[in-house]
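First the structure, which I've put down as structure tokens, then a few questions once you've had a look.
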Amino acid sequence: MPVPSEEKAKAITPVPVKEIPASEERPRQDKSYNPGSIEKKWQDKWEADQLYRSVIDHSKQKYYALTMLPYPSGDLHIGHWYAMTPSDARARYMRMKGYNVLFPMGFDAFGLPAENAAIKDGIHPMKRTFQNIARMRTQMRSMGAMFDWEREAVSADPAYYKWTEWFFIQLYKAGLAYRKMSAVDWCPNCNTTLAREQVWGDDRHCERCGTPVIKKDLDQWFFKSTKYADELLNFDGIDWPQTVKTLQTNWIDRSEGAEVQFSVVSDQSPVISVFTTRPDTLWGATFMVFSPEHPLVEKITTPENKQAVEDYKAQAARQTEIQRGAMDKEKTGVFTGAYAINPVNQERIPIWIADYVMMSYGTGAIMAVPAHDERDFAFAKKYDLPIIPVIQPEGQSEADGTTMEAAFIGSGVMVNSGMLNGTKVNTEKGRKNPSIAAVLDWLGEKGIGRESVNYRYRDWLISRQRYWGAPIPMVKCEIHGWNPVPDDQLPVLLPEDVEWRPTGESPLKLHPTWKHTTCPVCGGAAIRETDTMDTFMCSSWYHLRYLSPKYDLGPFDPAEYDYWMPVDTYTGGIEHATMHLLYTRFFHKALRDAGIVKGNEPMTQLRNQGMVLGEDGDKMSKSKGNVIAPDILVNKYGADSVRAYIMFFARWEMGAPWDSQGIEGAVRWVKRVWTLFTDSPTDSVTDSRMGTDEVRKNLRRKVHQTLRKVTRDFENFEFNTIISSLMELMNEMYKAREAGAAGSDEWKEALEIYVKMMAPVTPHIAEELWAYLGKPYSVHTQLWPAVDEAATKEDSIELPVQINGKVRDRIVVPAEATEDEIKSAALASAGVIKFLEGKEVRKVIVAKGRLVSIVI
RNA sequence: GCCGGAGUGGCGGAAUUGGCAGACGCGCACGACUCAAAAUCGUGUUCCCAACGGGAAUGAGGGUUCAAUUCCCUCCUUCGGCACCA
């Protein structure tokens, strides 16, 4: 007989505040699970109650959980869910552990896509961006995350970018921002410059749009991030994944060596520095090679070589634009006609130019030691330059440069090197190599060179020739040069009436009036900087703006800073290893030195999630049509099921292709939990055959074992096994209920702990079931249950018995059985006796609680 | 070339310290319910030998060990990063 729908609704309406006495009989509940209404109901209530508002509470330990903020593309992608849901679950877990948790969200709202779209359809980037944000906010609410929306920060909001500008000025004042004319990477599609980090791959393409970049000589703003290179290599005190640390270390690529001065034989005798990691091979330097772009080349080239050098330079310049080609490309170069003096032995050595020497690394010039460097060897062979071995394996007769077939890079002793002959050479780098140490000391004494460190890491190029970014708050006066905009004139606001002509120049430059201003020094006419900042500047400090997004006296409220910082756990994709994650560390250190923030690192713990791929195993993209839309899934299954599946279907840090069928498993789990609770057969037949004591004990054991496992997995970010463990426990609970345990205290405890364990994963259904159990609102303010270790202990254990490594039988022994007891039980078991017949037992190994291994 | 990650059933994945390989789930098969289907529930599901019983198996090959997905060596595949870096 169907129950009238109104009564059904009444039956499940939770009683939020008043606890129903356990004895009171609840009406039988058979309404099916309806995520749509449950989720809406609780989301509204949580919001109305400000359940996730985090405020400073000095009586509690704080926990700042941060997940990377999205760009407001307009639609929340399944990738966002994949990044945010487990982070949310863990933040919720930490909250239940008793921490005062801050879990904010915001938008990285400046950037190219909105501007490119504006060029196409004329919709203002501001309008589009804030529309997109509104839409994504709604989508994020459907996720049921515990974001504290009172702390939301949007980088394109003038109240935000005022401080982005202010930070630029602070770095400028600290001497960390400078302007430089140089050949910078330019994306012809995005019509802007790019930082070195934003140029990817063999073909050096734009990280954003994939277009191969070109070089352009431009006057641009840089941050002196290289000043912090050494400190950025130090990861002491932070718990970051080894992969990220390795990527950053390789990116910075510190190399130790020496800078050595060579003088050029000419009228002015200019001195040229070279960087080498092998100063111990100095005596073998038989020529020098300059990069074709080296400024000195023009000066030193002799008239008779002029034409050849000019031709080569022109050719190299053309090639730079395409690419200087593969490593195995044949070496080319031309002689400049000039000579330098090798300072260690006064030998006159020729100076060549070749495109295998890069202007951007070291000093743009090298000493060439063909005997001990493969590239120099190849070059010397091709152009018939002298090869003088200065290191050879110990005890070997002297090598002959003319007959060498390859550069020698092994260990040995120094030869042909004057007073340092006989010094041992190994393959270590820097001072760990005795030969290098000896030469460094010798160079220092003689004043020819000095110990030096070189990095591949470059200063951060900040300028972007685009409109939709934070203006660079600098003004140029004919008389007083560049000066920062005074603080009381911040923010420099973006004008709204701009034209979107893609010209390669900032639209701000084309605005008729915006750039005209007055000089902060003399009050005379001056011009604003019309470039805007790289958006990585905005995201380098958003974790600080979250602390007090409405604060007006500074970028953040110091009281909030002191309580919440540093970020305890930061989660996000690994693709930012050498970009955002490196910038934000640099930024923090620079601000620390400016006295604005404290501590050496902004984020104590970092964890990376992997990527959700399309069902075809490819990266999701609109063009491939393999994009999974979370909204559709939420409508179909409910947010809780989507959350559960996202946490279940892959190892979080690995990611995996999406599987539309696989989600059914998570959906079934959620439904079966619902049924387990709401279809509670408190009136079911008690099983008289079974020892109910045992059933209850087993139930309680499983509950606490699961709790222990789930707790550990939350700590370790192992989200997929949290769900498996909960599934397993649910299966056990069904069996226990079948066995008649559903009226017991153990059963009630199981239900309660189960809801609490679910709460971080599936917050809505957990809240609903919590209310259904008659518990006081809210499950999300409950404390995480404690494991009863005694309850997890097994009475008896089953041990496999191996004979020569193969399982032959299983024995059941009391948990506290001694080794001897286990041994004799194993030897007495039927399956073992059969195999032992006529054989001699050589050894019996008892691995307590694991197995018995018999060797015959 | 260098640096790092990964390789386990049809699929996603699990496996405290070296201790029963394949938890949990998807899929599939069979059964129950149904007029039927869906949903739901139950049972089974690494492979091979017909079975009883065995045997093989965690990318390949070797090693250490009573015992290896786990430790060591060589190699292969794949993903990511860097790359004429002096």
Side-chain angles (χ1 to χ4, degrees), chain A residues 32 200-202 241-251 253 255 257 274-278 281 285 288-289 291 324-331 354-358 360-369 372-376 378-379 454-456 574-575 577-578 610-611 644-645 648-651 653-669 671-672 675 708-709 712 716 718 720-731 734 798-810 834 842-856:
Chain A
S32 65
W200 285 15
D202 293 352
Q242 188 53 50
T243 39
V244 173
K245 293 193 277 188
T246 305
L247 284 170
Q248 292 197 349
T249 303
N250 291 346
W251 183 256
D253 191 21
S255 74
V274 301
F275 174 75
T276 175
T277 55
R278 294 301 305 274
T281 62
M288 288 186 85
V289 185
S291 160
R324 272 197 187 169
M327 194 165 56
D328 52 4
K329 195 187 84 169
E330 200 181 334
K331 303 268 177 296
D355 64 4
Y356 81 91
V357 176
M358 307 290 146
S360 56
Y361 188 82
T363 63
I366 61 159
M367 64 172 205
V369 185
H372 305 292
D373 181 284
E374 286 173 44
R375 293 154 300 174
D376 298 344
F379 195 81
N454 220 318
Y455 305 90
R456 202 182 63 98
I574 198 166
E575 65 274 14
T578 58
M611 215 194 296
Y645 182 56
F648 176 66
F649 87 104
R651 255 160 81 184
E653 75 275 21
M654 299 304 272
W658 187 260
D659 178 0
S660 285
Q661 261 177 339
I663 194 171
E664 299 290 349
V667 173
R668 253 169 235 156
W669 170 60
K671 280 188 190 161
R672 269 166 62 80
T675 307
R708 186 170 57 195
K709 166 84 174 141
R712 200 183 67 204
N716 297 333
E718 284 164 4
N720 54 342
T721 47
I722 290 174
I723 314 295
S724 333
S725 306
L726 288 175
M727 287 172 169
E728 243 179 280
L729 176 57
M730 177 190 68
N731 292 340
Y734 265 100
E798 192 193 65
L799 294 178
V801 182
Q802 291 185 344
I803 296 173
N804 286 354
K806 289 204 165 72
V807 178
R808 294 303 184 188
D809 204 356
R810 287 156 199 286
K834 196 171 83 188
R842 301 224 315 261
K843 208 172 176 186
V844 180
I845 297 147
V846 177
K848 266 216 146 175
R850 302 229 173 263
L851 54 47
V852 182
S853 182
I854 300 170
V855 190
I856 56 173

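Nothing here was measured: the structure is a model prediction, and the numbers come from that model. Throughout, protein chains are lettered first and strands after them, A, B, ... in sequence-line order, and every chain is numbered starting at 1.
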Quiz item: Taking a pair as Watson-Crick or G-U wobble with both distances under 3.5 Å, which nucleotide is matched to B:C84?
Solution: none
Quiz item: Which part of the nucleic acid does A:K848 contact within heavy-atom distance under 4.0 Å: base, sugar-phosphate only, or nothing?
Solution: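 The answer is nothing, as A:K848 stays clear of every strand by at least 4.0 Å.
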Practice problem: Mind checking the OG1-CD spacing from A:T243 to A:Q248? Nearest 0.5 Å is all I need. | Solution: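 Separation between the atoms: 10.5 Å.
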Quiz item: What's the CZ-P distance between A:R375 and B:A83, to the nearest Å?
Solution: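 Distance check: A:R375 CZ to B:A83 P gives 14 Å.
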Practice problem: Assess whether atom CD of A:E575 is packed by more than 12 heavy atoms of other residues, nucleotides or ligands within 6.0 Å. | Solution: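 Correct, the count exceeds 12.
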Quiz item: Start at the 5' end of RNA chain B and walk down; is the nucleotide closest to A:K806 or to A:N250 reached first?
Solution: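 That would be A:N250.
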Self-check item: Side-chain heavy atoms of A:R278 within contact of A:V369, under 4.5 Å
Solution: no
Quiz item: Which of these nucleotides, B:C82, B:A86, B:C84, is closest to any side-chain atom of A:W251?
Solution: B:C82
Practice problem: State whether the number of non-hydrogen atoms from other residues, nucleotides or ligands found under 6.0 Å of A:K245 atom NZ is greater than 12. | Solution: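 Yes - once you tally the heavy atoms of other residues, nucleotides and ligands closer than 6.0 Å, there are more than 12.
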Self-check item: Pairwise C1' distance, B:C71 and B:A50 [rounded to whole Å]
Solution: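 Going atom to atom, C1' in each nucleotide, I get 41 Å.
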Quiz item: Given the P atoms of B:C41 and B:G53, what is the spacing between them in whole Å?
Solution: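 One P to the other, the span is 33 Å.
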Quiz item: Tell me: CE of A:M358 to P of B:C82, nearest whole Å?
Solution: 16 Å
Exercise. Searching all strands shown, indicate the nucleotide that pairs with B:A51 (Watson-Crick or G-U wobble; both distances under 3.5 Å).
Key: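 Pair assignment: B:A51 / none.
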Quiz item: Can you check B:G59 for me, syn or anti if syn means within 90° of 0?
Solution: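 It is anti.
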Exercise. Write down the distance separating the P atoms in B:G25 and B:U40, rounded off to the nearest Å.
Key: 14 Å
Quiz prompt | A:M730 side chain reached by A:L726 side chain, heavy atoms, under 4.5 Å | solution = no
Quiz item: Heavy-atom distance under 4.5 Å between the side chains of A:R651 and A:N720, does that happen here?
Solution: yes
Self-check item: B:C11 - base-pair partner by Watson-Crick or wobble geometry, distances under 3.5 Å
Solution: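 Pairing partner, where one exists within any strand: B:G25.
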Quiz item: So do A:E653 and A:I574 actually touch side chain to side chain, heavy atoms under 4.5 Å?
Solution: no
Self-check item: Nearest-Å distance once atom C1' is located in both B:C11 and B:C85
Solution: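 Between the two C1' atoms, the distance is 44 Å.
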Quiz item: What interatomic distance, in whole Å, is found between P of B:A56 and the corresponding atom of B:G42?
Solution: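 Result for the P pair: 36 Å, nearest Å.
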Practice problem: Determine: side-chain N/O of A:R651 to OP1/OP2 of B:A14, distance under 4.0 Å, yes or no. | Solution: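 Indeed, a polar side-chain atom of A:R651 lies that close.
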Might you list the N or O atoms of the protein lying below 3.5 Å from N or O atoms in nucleotides 57-59 of chain B, with each pair's distance?
none

Quiz item: Under 4.0 angstrom, heavy atoms only, what part of the nucleic acid is A:G655 near: base, sugar-phosphate, or nothing?
Solution: sugar-phosphate
Exercise. Under 4.0 Å between any heavy atoms, over every strand shown, what does A:R708 touch: base, sugar-phosphate, or nothing? Just pick one.
Key: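 Since no nucleic acid heavy atom lies under 4.0 Å of A:R708, the category is nothing.
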Quiz item: Mind checking the P distance from B:C73 to B:C26? Whole angstroms is fine.
Solution: 41 Å
Practice problem: Please round to the nearest 0.5 Å and tell me the distance separating atom CZ of A:R842 and atom CD1 of A:I854. | Solution: 13.0 Å
Self-check item: Atom-pair distance (CE on A:M367; P on B:C84), nearest Å
Solution: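 Atom CE in A:M367 sits about 20 Å away from atom P in B:C84.
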Exercise. Round to the nearest Å and state the distance from A:I574 atom CD1 to B:C79 atom C1'.
Key: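 Going from CD1 in A:I574 over to C1' in B:C79 covers 12 Å.
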Quiz item: If we take the C1' atom in both B:C79 and B:A68, what is their distance in whole Å?
Solution: 26 Å
Quiz item: Relative to each other, are the rings of A:F379 and A:Y356 parallel, tilted or perpendicular (30° and 60° limits)?
Solution: tilted
Self-check item: Atom pair distance, as rounded to whole Å: CD1 in A:I366 and P in B:C85
Solution: 10 Å
Self-check item: Candidate nucleotides B:A15, B:G54, B:C85, ranked by approach to the side chain of A:Y361 - the nearest
Solution: B:C85
Self-check item: Letter per nucleotide, 5' to 3', of nucleotides 19-26 of chain B [B base touched, S only sugar-phosphate touched, - untouched; heavy atoms, 4.0 Å]
Solution: BB--BBSS
Practice problem: State whether A:K671 places a side-chain N or O below 4.0 Å from either non-bridging phosphate oxygen (OP1 or OP2) of B:C41. | Solution: no
Quiz item: Whole-Å distance between B:A86 C1' and A:Y455 OH?
Solution: 17 Å
Practice problem: Write down the distance between CG (A:D253) and C1' (B:C2), rounded to a whole number of angstrom. | Solution: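 After rounding, the reported distance stands at 11 Å.
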Quiz item: Separation of A:W658 atom CH2 from B:G13 atom C1', in whole Å?
Solution: 15 Å
Quiz item: Taking any strand in view, what nucleotide pairs with B:A56 in a Watson-Crick or G-U wobble way, both distances under 3.5 Å?
Solution: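 In the structure as shown, B:A56 has B:U46 as its Watson-Crick or wobble partner.
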Quiz item: If pairing requires Watson-Crick or G-U wobble contacts with both distances under 3.5 Å, which nucleotide is the partner of B:U34?
Solution: none
Self-check item: Residue matched to B:U78 through Watson-Crick or wobble contacts both under 3.5 angstrom
Solution: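 Per the H-bond distance test, B:G5.
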Quiz item: Counting N and O atoms only, with roles assigned by atom type, does the side chain of A:Y645 sit under 3.5 Å from a partner on the main chain of A:D659, one being a donor and the other an acceptor?
Solution: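 It does hold such a pair.
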Practice problem: State whether the side chain of A:D373 and the backbone N or O of A:A368 hold a donor-acceptor pair below 3.5 Å, judged by distance alone. | Solution: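 No; judged by distance alone, with no hydrogens or angles, the pair does not exist.
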Short heteroatom pairs, N/O only, protein and nucleotides 60-63 of chain B, under 3.5 Å:
none

Quiz item: Do A:N731 and A:R672 get their side chains close enough for a donor-acceptor pair, meaning under 3.5 Å?
Solution: yes
Quiz item: Between B:G12, B:G4, B:C84, which one does the side chain of A:F649 approach most closely?
Solution: B:G12
Quiz item: Do the ring centers of A:W658 and A:F649 come within less than 6.0 Å of each other?
Solution: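 Close enough - the centres of the two rings lie under 6.0 Å apart.
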Quiz item: Can you tell me how far C1' in B:A23 sits from the matching atom in B:A15, rounded to whole Å?
Solution: 8 Å
